[in-house]
Asks: 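I am attaching a structure below and will ask some questions about it afterwards.
Fair warning: this is a prediction, and the values are worked out from it, not measured in the lab.
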Amino acid sequence: MNQRAQVSKGKAMLRTFWKYKALYLISLPGIIYFIVFKYVPLLGSVIAFQDYNIFDGFTGSKWVGFDNFTRMFAHYDFLNILKNTVLIGVYDLLLGFPAPIILALLLNELRLVVYKRVLQTVVYMPHFLSWVIVSGIAIGILSPSTGAVNHFITWLGFEPIYFLGEESWIRSVLITSGIWRDSGYGTIIYLAALAGINPDLYEASEVDGANRWRQTISITLPSLLPTIMILFLLHIGKFLDFGFERVFVFLNPLNKENGEILDTYIYSQGLLAQQFSYTTAIGLFKAVVGVIFIVTGNLLSKKTTGESLY
């Protein structure tokens, strides 16, 4: 009986596959891409538990267990680098994440369509600039001798500030430059969600005497909440993955104390000092923390708002 049921189930699966064969064929390149470029490289994480030697390979290198992780936490500067990464991640979460939401709400209030389209194009454009160009612009604007910001500060009667030469300013520069570059592009998803809100809700609220602020609080934000929660969960999943290039282009010996993060440390120790096992252990630590954050956030979101990634 069980054998007949299994045969019947197998035939049903084959019929389903044949019925939707076009969909399965379309998805095949994506599946191959993820297997080859996302899952197969994960096997390289094994060198985090080895004293990897490039000539001995994975099979010939000596196994050292958790020694690389112990060395990571025992390093005299690791806790400071981890603190920088966490602080910059928190600032980005508190200031950078809400920026596209606020910008999308403001753009949604514009009634002149031509002006709205022009403004959208202007705020999207910085996203297409590389971080090298963004850093060049920032260095020019923030220059203590020729920068526009310091000209304004001097005009107000204060001393000019060497923003990129003082470690206390590097985190503000990183967060501000990120908001300027990506907040406009980040509004695309929120504007699409805003376009899907039923206009009857606004008309009914106008009949009840609600002004634009009340409509935003009672209709717009609740309608945006599922989109906000999904993007928030994706954001906290890469909490420690702030981005190497974004920080590296602003770093110099004067601001490195407060600006160096795990990504730039991995670059200096992994590629320049060729400590592959040690830096793979740091990368694995980042990935595990990211998984813990996204699973915890997903559970909390599911219990409190009913929205979740899975």
Side-chain angles (χ1 to χ4, degrees), residues 41-42 44-54 61-97 131-132 134-136 138-139 142 144 161-179 181 235-294 296:
L42 286 177
S45 301
V46 73
I47 69 173
F49 305 95
Q50 293 180 320
D51 183 13
Y52 180 70
N53 185 305
I54 194 169
S61 297
K62 180 184 174 186
W63 291 91
V64 295
F66 290 92
D67 284 1
N68 288 313
F69 294 91
T70 306
R71 178 187 167 196
M72 176 179 74
F73 287 107
H75 190 276
Y76 72 97
D77 210 19
F78 179 76
L79 289 180
N80 182 55
I81 295 168
L82 182 61
K83 185 189 78 174
N84 291 339
T85 310
V86 171
L87 281 178
I88 291 172
V90 169
Y91 295 154
D92 190 52
L93 195 65
L94 294 177
L95 302 174
F97 181 76
W131 280 110
V132 177
V134 172
S135 70
I139 290 169
L142 300 176
I161 301 170
Y162 190 6
F163 289 98
L164 292 173
E166 298 180 18
E167 60 186 28
S168 58
W169 284 99
I170 182 61
R171 293 169 187 157
S172 303
V173 172
L174 290 172
I175 300 301
T176 307
S177 60
I179 291 174
R181 181 180 182 267
H235 191 91
I236 62 171
K238 53 181 182 179
F239 182 72
L240 295 183
D241 194 15
F242 192 68
F244 162 76
E245 190 181 1
R246 178 175 176 178
V247 177
F248 184 73
V249 292
F250 287 101
L251 277 187
N252 61 53
L254 297 175
N255 60 33
K256 196 174 181 180
E257 181 68 18
N258 282 359
E260 185 162 44
I261 61 171
L262 289 175
D263 291 320
T264 54
Y265 183 66
I266 288 172
Y267 167 75
S268 63
Q269 297 299 311
L271 291 181
L272 301 184
Q274 299 184 357
Q275 301 185 67
F276 302 116
S277 293
Y278 176 52
T279 50
T280 302
I282 299 174
L284 204 56
F285 167 75
K286 277 179 50 189
V288 170
V289 171
V291 170
I292 293 171
F293 276 11
I294 201 165
T296 307

Asks: Can you tell me if Thr264 uses its side chain to pair, donor with acceptor, with the backbone of Phe244 under 3.5 Å?
Replies: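 Checked: no pair found.
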Asks: Give a yes or no answer on whether the side chain of Asn255 reaches the backbone of Gly165 with a donor-acceptor pair at less than 3.5 Å.
Replies: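 Checked: no pair found.
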Asks: Does Arg71 qualify as a cation-pi partner of Tyr278, given the criterion of NZ or CZ under 6.0 Å from the six-membered ring centre and within 45 degrees of its axis?
Replies: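 Checked: cation-pi criterion met.
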Asks: Enter the distance from Asp67:CG to Met72:CE here, rounded to the nearest 0.5 Å.
Replies: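 Spacing of CG (Asp67) from CE (Met72) equals 12.5 Å.
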Asks: For the OG atom of Ser268 and the CD1 atom of Ile81, what is their distance to the nearest 0.5 Å?
Replies: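 These two atoms lie 7.0 Å from each other.
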Asks: So Phe250 and Leu174, do their side chains get closer than 4.5 Å, heavy atoms only?
Replies: yes
Asks: Regarding Asp263 and Lys286, does a basic nitrogen lie under 4.0 Å from an acidic carboxylate oxygen?
Replies: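 Result for this pair is yes, salt bridge flagged.
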Asks: Using a 4.5 Å cut-off on heavy atoms from C-beta on, say whether the side chain of Phe73 contacts that of Phe285.
Replies: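 Contact flag for Phe285/Phe73 side chains = yes.
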Asks: Please determine whether a side-chain nitrogen of the Lys or Arg among Arg246 and Asp92 lies less than 4.0 Å from a carboxylate oxygen of the Asp or Glu.
Replies: yes
Asks: How long is the span from the CG atom in Leu251 to the OG atom in Ser135, to the nearest 0.5 Å?
Replies: 11.0 Å
Asks: Can a donor-acceptor pair be found, under 3.5 Å and without considering hydrogens, that links the side chain of Asn258 to the backbone of Ile170?
Replies: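 Such a contact is absent between Asn258 side chain and Ile170 backbone.
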Asks: Rounded at 0.5 Å granularity, tell me how far CD1 in Ile179 sits from CZ in Phe97.
Replies: 12.5 Å
Asks: State, to 0.1 Å, how close Val249 and Trp131 come at their nearest heavy-atom pair, and which atoms those are.
Replies: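 Residues Val249 and Trp131, closest heavy atoms: CG2-O, 3.7 Å.
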Asks: Measure the shortest side-chain to side-chain distance between Lys83 and Leu79 over non-hydrogen atoms and say whether it is less than 4.5 angstrom.
Replies: no
Asks: Would you indicate whether the side-chain heavy atoms of Glu166 and Leu254 approach each other to under 4.5 Å?
Replies: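 They are not in contact (no side-chain heavy atoms under 4.5 Å apart), so the answer is no.
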Asks: Does the Asn68 side chain pair with the main chain of Gln50, one donor and one acceptor, at a distance under 3.5 Å?
Replies: yes
Asks: For residues Tyr267 and Leu262, determine if any side-chain heavy atom of one lies less than 4.5 Å from a side-chain heavy atom of the other.
Replies: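 No - every pair of side-chain heavy atoms lies 4.5 Å or more apart.
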Asks: Are His75 and Tyr265 close enough that their ring centres sit under 6.0 Å apart?
Replies: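 So the answer is yes for these two rings.
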Asks: Give a yes or no on whether Leu42 atom CG has more than 12 heavy-atom contacts from other residues, nucleotides or ligands under 6.0 Å away.
Replies: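 Count over threshold, so yes.
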Asks: What heavy-atom pair brings Ile88 and Gly259 nearest, and what distance separates the two atoms?
Replies: CD1-O, 4.3 Å
Asks: Are Val247 and Glu260 close enough, and set up right, to give a side chain to side chain contact (heavy atoms under 4.5 Å, CB included), and what steps lead you there?
Replies: CA-CA 8 Å; Val247 177; Glu260 185 162 44; over 6 Å; no
Asks: Which pair of non-hydrogen atoms, one from Ser61 and one from Asn53, has the smallest distance, and what is that distance?
Replies: OG-N, 3.0 Å
Asks: Measuring from Leu240:CG to Leu82:CG, what's the distance to the nearest 0.5 Å?
Replies: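 The CG atom of Leu240 sits 7.0 Å away from the CG atom of Leu82.
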Asks: Check whether any side-chain N or O of Asn84 sits under 3.5 Å from a backbone N or O of Glu257 as a donor-acceptor pair, and report yes or no.
Replies: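 Flag set: sc Asn84 to bb Glu257 pair under 3.5 Å.
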Asks: Look at the side chain of Thr176 and the backbone N and O of Val173, then say whether any donor-acceptor pair between them is shorter than 3.5 Å.
Replies: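 Not a single qualifying donor-acceptor pair exists.
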Asks: What's the verdict on side chain to side chain contact (heavy atoms under 4.5 Å, CB included) for Trp63 and Val46, showing C-alpha distance, side-chain angles and the deciding distance?
Replies: CA-CA 9 Å; Trp63 291 91; Val46 73; 3.2 Å; yes
Asks: Output yes when a side-chain donor or acceptor of Thr85 lies under 3.5 Å from a complementary backbone atom of Ile261, and no otherwise.
Replies: no
Asks: Got a second to check how far Tyr52's OH is from Phe276's CZ, nearest 0.5 Å?
Replies: 7.5 Å
Asks: Yes or no on side chain to side chain contact (heavy atoms under 4.5 Å, CB included) for Trp169 and Leu142, after CA distance, side-chain angles and deciding distance?
Replies: CA-CA 11 Å; Trp169 284 99; Leu142 300 176; over 6 Å; no
Asks: Suppose we call two aromatic rings close when their centres sit under 6.0 Å apart. Are Phe66 and Phe49 close by that rule?
Replies: yes
